[in-house]
Amino acid sequence: MFKFATETEGDEMKVMAIAPYTGLKELMISLGEQEDFELQVEIGDLEEGLSLAKKACDHGVDVIISRGGTAELIERKVSIPVVEIEVSGYDMLRVLTLVKGYPGKTAIVGFSPISEGAATICEILDIDISSFKITEEDEIQPILINLQQKGYENIIGDASTTKKAEELGLNGILLTSGKESVLKSFQQAKKSYRFLSSLHKKYLISHQLLQEEQEAIAVYDINGDSLFSNPSFAEKIGNELEKKFNIKEAIRYVSTQGTFKTVLQINGSLWNITGNKLRNESSELFVFRITKGLLDERQASGISVVSPSTEYITKNSLGGIATKSNVMKEAIANAEMCANTDVSVWISGEEGTGKSRLARYIHFNSGRRQYPLVVIDCNVVDTDQWEELLSTESPQHFFSNHIHGSIFLKNVEHLPFPLQKKLAFYLNNEAQACRFLSSSQQDPKYLLEIEELYPPLYYALAGTILSLPSLRDRTEDIESLTLLLIGELNIKLGKQIVGIRPQAVEELKRLKWNGNLNELKRFIQESMVLANGPFLEYKDVKRATVIKERAEISAHIDLNGTLEEIERKIIRKVWREEGMNQTKTAQRLGINRTTLWRKLK
């Protein structure tokens with residue numbers, strides 16, 4: 001929760017900027033240092049951004065700056081000026097240049113400033129990208145569904161558009177804002193500056209005994225707006241609930257089913273959540289009660305609860321990943337079919353191949369998506385924790401509050417054999433409606449064959465087996481994966497890189513990716529951090545390659561001796577690997593031949 005300074009000089013304007021991604025936040029902070037107003041910048045999108053805006057009003061903020069659908073939503077809900085960060089021609093040009101290398105059909109979906117501006121640029125530059133104009137947020141979903149049916153895979157737009165696109169399994173490409181757009185919004189904020197004419201209207205609910213109630217209670221209206229929370233809620237939960245819990249989806253469920261019951265992880269502890277209708281004379285309200293779960297923070301080590309939020313689904317969707325690998329295509333197709341069933345799924349593959357991501361994709365694209373996904377790392381959770389998890393005696397029994405959700409058992413091969421037997425007994429004898437997903441680095445059939453997997457547990461969890469290929473077996477996908485990572489990391493790093501040079505791609509294909517996608521992402525991030533041009537160049541990739549190979553060499557050489565002796569060992573090892581070719585050795589080590597010759601003496 002943010003705090004504003006309590007003492008200011010004169011009538012200094014207070015501005016709250018709400019950015020939909022980290023890179024924009026850092027850019028606004030940097031540019032704001034030169035301005036003559038007090039600036040607070042927070043990350044938030046749509047409902048989360050609205051929550052920040054309401055708190056900003058309560059803290060005396062004069063103007064709010066935001067972007068796209070978030071700005072439009074805030075403007076309807078608050079009584080102070082809201083300035084929208086426009087999307088400039090420069091912003092559009094950068095993104096359009098980047099997506100030229102993306103595989104699949106691409107479309108631009110947005111309000112007129114985005115769709116019409118982008119269409120003009122595409123026409124001038126002769127870029128074959130279709131543009132679709134919307135006037136209301138409700139129009140986004142039908143347009144995206146229609147585009148998906150027509151074979152489109154990539155959607156360019158603002159935060160709300162890209163989120164909806166990724167929920168449908170499309171690749172959402174966020175249209176980022178550059179320096180010019182931010183500076184223009186600052187100027188507009190100054191022109192719009194005025195003091196608030198009225199305080200934000202608040203709902204009043206009788207406190208009665210709720211103020212002293214130990215149970216955390218919160219009340220929301222039909223639109224998901226928070227109307228009331230008692231002191232216990234503020235003390236134990238605070239604004240964490242709305243960050244990790246899809247209130248609107250839960251309210252929708254309560255409206256039709258009468259009650260809602262699930263489990264969440266907040267502030268390191270596990271909590272049971274129940275929701276019911278609460279009617280008054282004039283409107284329909286919804287009350288949510290939050291009680292501490294059976295496991296405390298210490299006992300919950302190795303257990304995490306992934307919230308059913310739009311933000312999470314956006315960041316972890318498999319949608320939009322174009323692949324040329326037949327093995328990967330088959331895995332994704334099978335995952336899509338599994339998502340529509342309740343069959344247990346076992347995912348195998350090397351470390352970093354995306355097993356956890358695939359499990360999350362299956363859950364959040366199933367009919368259980370409004371409930372969280374509980375992840376249990378079998379390599380971390382100990383015997384005592386399992387005893388608590390599998391106990392059915394307590395009314396606060398962990399799984400009883402999650403019967404409509406999914407359980408993801410990660411690294412099942414690390415589960416001791418006695419615990420495998422207990423888990424198998426639980427699965428076969430307790431009438432739980434949870435869906436179980438599992439993963440291991442080795443094929444479960446092989447684990448069964450070498451007697452490291454208890455047969456009844458195998459039959460309970462391996463209803464379907466999905467295998468993910470290593471990156472070494474799908475090098476044809478490295479270029480498209482790299483472009484997707486550039487788009488993702490541009491937001492994180494505040495960069496505006498639009499592509500990668502062909503020579504750099506060939507260098508990436510040459511490397512061995514023992515850590516698979518995880519290693520590739522770390523590598524691309526390292527390359528981008530020091531890159532200073534619009535493209536990821538060969539020299540940027542080569543710099544990271546040298547560091548990677550030196551690290552691999554150091555893991556296989558004798559590190560005894562002085563620094564000079566260790567360096568000589570490294571150089572000689574590379575020299576021998578390159579067939580004693582001094583030119584290739586010098587290029588690989590990033591030194592000239594004269595230096596190499598001197599160090600080999």
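Note that the structure is predicted; figures quoted are calculated from it, not measured.
- Leu373 contributes atom CG, which lies 7.0 Å from atom CZ of Arg360 (distance to the nearest 0.5 angstrom).
- Judged purely by distance below 3.5 Å, without hydrogens or angles, the side chains of Glu38 and Gln40 never pair a donor atom with an acceptor atom.
- In terms of modelled atom types and a separation under 3.5 Å, the side chain of Lys277 and the main chain of Leu285 share no donor-acceptor contact.
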Decide side chain to side chain contact (heavy atoms under 4.5 Å, CB included) for Met28 and Ile85; before the verdict, give the C-alpha distance in whole Å, the side-chain angles of both, and the deciding distance to 0.1 Å. CA-CA 11 Å; Met28 296 185 80; Ile85 303 173; 3.9 Å; yes
How far apart are the C-alpha atoms of Ile108 and Ile155, what are their side-chain angles, what is the distance that settles it, and do they pass the side chain to side chain contact (heavy atoms under 4.5 Å, CB included) test? CA-CA 6 Å; Ile108 302 165; Ile155 302 297; over 6 Å; no
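- Taking every heavy atom of both residues into account, Leu536 and Ile497 meet most closely at N-CG2, 3.8 Å.
- Atom CG of residue Leu489 and atom CG of residue Leu484 lie 11.0 Å apart, to the nearest 0.5 angstrom.
- With hydrogens and angles ignored, the 3.5 Å screen pairs no side-chain donor or acceptor of Arg368 with any backbone N or O of Ser406.
- Closest heavy-atom contact between Ala218 and Phe233: CB-CE1, 3.6 Å.
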Are Leu183 and Leu31 close enough, and set up right, to give a side chain to side chain contact (heavy atoms under 4.5 Å, CB included), and what steps lead you there? CA-CA 7 Å; Leu183 289 175; Leu31 297 175; 4.1 Å; yes
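- Here the rule is side-chain contact (heavy atoms from CB on, under 4.5 Å) with Ile65, and of Val83, Ile74, Val82 only Val83 fits it.
- Side chain of Asn365 to main chain of Ile362: no donor-acceptor pair is present (N/O by atom type, distance under 3.5 Å, no hydrogens or angles).
- With values rounded to the nearest 0.5 angstrom, Thr161 atom OG1 is found 11.0 Å from Glu139 atom CD.
- For Gly104 against Asn154, the heavy-atom pair with the smallest separation is O-ND2, 3.7 Å.
- Of the possible donor and acceptor atoms, one in the side chain of Lys495 sits under 3.5 Å from a partner among the backbone N and O of Met528.
- In this structure, the side chains of Thr274 and Thr291 stay at 4.5 Å or more apart for every pair of heavy atoms.
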Can you list the steps and then say if Ile173 with Val95 is a side chain to side chain contact (heavy atoms under 4.5 Å, CB included)? CA-CA 8 Å; Ile173 302 149; Val95 172; 3.9 Å; yes
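- Of the possible donor and acceptor atoms, none in the side chain of Ser527 sits under 3.5 Å from a partner among the backbone N and O of Arg543.
- Under a 3.5 Å cut-off, the side chain of Asp225 and the backbone N or O of Asp221 do not form any donor-acceptor pair.
- With Ser181 contributing its side chain and Ser177 its backbone, the two residues share no donor-acceptor pair below 3.5 Å.
- Residues forming a salt bridge (Lys or Arg N to Asp or Glu O under 4.0 Å) with Asp36 (at least two apart in sequence, or on another chain): Lys190.
- Looking only at distances, no side-chain donor or acceptor of Ser51 sits under 3.5 Å from a matching main-chain atom of Glu48.
- Atom CH2 of Trp271 sits about 8.5 Å away from atom CD1 of Ile290, to the nearest 0.5 Å.
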Decide side-chain hydrogen bond (donor to acceptor under 3.5 Å, both in side chains) for Ser130 and Tyr152; before the verdict, give the C-alpha distance in whole Å, the side-chain angles of both, and the deciding distance to 0.1 Å. CA-CA 10 Å; Ser130 303; Tyr152 283 84; 3.0 Å; yes
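- The neighbour count for Lys184 NZ, taken as heavy atoms of other residues, nucleotides or ligands under 6.0 Å away, does not exceed 12.
- Minimum heavy-atom separation, Met92 to Leu175: CA-CD1, 3.9 Å.
- Under 4.0 Å is where a charged nitrogen must lie from a carboxylate oxygen, and between Glu84 and Arg67 no such pair does.
- In terms of heavy-atom proximity, Leu520 sits nearest to Leu481 at CD2-CB, 4.2 Å.
- Salt-bridge check for Glu488 with Lys521: passed, with a basic side-chain N closer than 4.0 Å to an acidic carboxylate O.
- Scanning both residues, Ile64 and Ala53, for their nearest heavy atoms gives CD1-CB, 3.6 Å.
- No donor-acceptor pair under 3.5 Å is formed between the side chain of Ser30 and the backbone N or O of Leu27.
- Expressed to the nearest 0.5 Å, how far CG of Leu52 lies from CD1 of Ile43 amounts to 9.5 Å.
- With hydrogens and angles disregarded, a donor-acceptor distance shorter than 3.5 Å links the side chain of Ser66 to the backbone of Ile18.
- Ring planes of Tyr371 and Phe260: parallel class, angle under 30° (limits at 30 and 60°).
- Distance CG/Asn171 to CD/Glu153: 8.5 Å, rounded to 0.5 Å.
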